[in-house]
Amino acid sequence: WTSTGTGDTSDDTKTTIWTWTIQSPGTQTGFNAMSVRASVVGYQPNYGGKAYGAELFATFFAQNGTASYQVGTTDVVEKTSFSTATSHLELANDGTIIFTVTGETASYIKWNAEFRTMMTDYID
């Protein structure tokens, strides 16, 4: 599957711009695994302009509709002219996969991201 997410930041607050649930309606009671690849770009047009780009990859799995886990850590390749702006692909406390961006203090950044996901068939 391919999907997209967009968002804006105007400070250094962590902002969610995409979510995904491993336990979708067709897999809500099974066991399955999912890989997620994210490509993200951010741009600040003011004050001479700054840019951010990254590729992220992570793998997650679900156990019988009751728990989700991340396998290892997220791999990140990041190129940036910002000091603190960054992005994350992680598992939220409720088991949802989330993609977040964190901007920079007093800086407007426009974010665009594309996500490619692959999931195994569920197993009861």
Side-chain angles (χ1 to χ4, degrees):
W1 300 301
T2 300
S3 59
T4 59
T6 62
D8 303 325
T9 56
S10 58
D11 58 21
D12 59 352
T13 301
K14 191 175 190 179
T15 303
T16 299
I17 63 171
W18 181 83
T19 62
W20 193 271
T21 303
I22 298 176
Q23 297 296 329
S24 61
T27 62
Q28 60 197 13
T29 61
F31 299 82
N32 55 3
M34 171 182 271
S35 66
V36 180
R37 290 188 180 275
S39 297
V40 60
V41 64
Y43 182 65
Q44 175 201 27
N46 317 19
Y47 312 112
K50 290 185 179 180
Y52 174 92
E55 295 282 333
L56 297 89
F57 174 77
T59 301
F60 305 90
F61 68 97
Q63 290 289 314
N64 202 24
T66 60
S68 297
Y69 305 93
Q70 182 171 358
V71 179
T73 59
T74 301
D75 295 332
V76 180
V77 176
E78 185 176 62
K79 305 296 181 190
T80 183
S81 56
F82 290 100
S83 300
T84 60
T86 192
S87 59
H88 300 281
L89 187 58
E90 58 196 322
L91 195 61
N93 291 336
D94 67 357
T96 302
I97 300 169
I98 61 171
F99 181 78
T100 61
V101 293
T102 302
E104 203 148 298
T105 303
S107 297
Y108 172 79
I109 304 172
K110 175 68 176 171
W111 300 91
N112 290 310
E114 179 182 64
F115 307 93
R116 295 174 305 266
T117 58
M118 186 181 309
M119 184 186 298
T120 61
D121 292 335
Y122 77 93
I123 302 167
D124 284 327

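Just so you know, these numbers use all the heavy atoms, side chains as well, and skip hydrogens, waters and symmetry mates. These numbers were taken from a predicted model, which means no experiment stands behind them.
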Polar side chain donor-acceptor pair, T2 to E114, under 3.5 angstrom: no
Residue pair D75 / L56, side-chain heavy-atom distance below 4.5 Å: no
Least distance between heavy atoms, A113 atom then I17 atom: CB-CD1, 4.3 Å
Any L89 side-chain heavy atom under 4.5 Å of V36 side chain: yes
Short side-chain to backbone donor-acceptor contact, S81 and A51, under 3.5 Å: yes
Verdict with supporting geometry, Y69 and F60, ring pair (Phe, Tyr, Trp, His ring centres under 6.0 Å): CA-CA 6 Å; Y69 305 93; F60 305 90; over 10 Å; no
CG on D8 to NZ on K110, rounded to 0.5 Å: 4.5 Å
Pair E78-Y52, side-chain donor/acceptor within less than 3.5 Å: yes
Rounded distance (nearest 0.5 Å) linking atom OG of S39 with atom CD of E55: 3.0 Å
Nearest atoms (heavy-atom pairs only) where V40 meets S87: CG1-OG, 3.7 Å
Pair T9-W111, side-chain hydrogen bond (donor to acceptor under 3.5 Å, both in side chains): steps then yes or no: CA-CA 8 Å; T9 56; W111 300 91; 3.0 Å; yes
Nearest atoms (heavy-atom pairs only) where S68 meets L91: O-CD2, 3.2 Å
Side chain proximity check, Q44 to F82, heavy atoms < 4.5 angstrom: yes
Polar side chain donor-acceptor pair, W20 to T96, under 3.5 angstrom: no
Evaluation steps, side chain to side chain contact (heavy atoms under 4.5 Å, CB included), between I98 and E90: CA-CA 6 Å; I98 61 171; E90 58 196 322; 3.7 Å; yes
Step-by-step side chain to side chain contact (heavy atoms under 4.5 Å, CB included) determination, T105 to D11: CA-CA 4 Å; T105 303; D11 58 21; 5.6 Å; no
I97 and W18: CA distance, side-chain angles, deciding distance, side chain to side chain contact (heavy atoms under 4.5 Å, CB included) verdict: CA-CA 8 Å; I97 300 169; W18 181 83; 4.0 Å; yes
Any donor-acceptor pair under 3.5 Å from E104 side chain to S83 backbone: yes
Side chains of N46 and Y108, donor plus acceptor under 3.5 Å: no
Distance (rounded to the nearest 0.5 Å) between T102 OG1 and K14 NZ: 6.0 Å
Parallel, tilted or perpendicular, as decided by the 30° and 60° cut-offs, for the rings of F115 and F99: perpendicular
T13 backbone acceptor or donor facing T15 side chain under 3.5 Å: yes
A85 to I109 - nearest heavy-atom pair and separation: CB-CD1, 4.0 Å
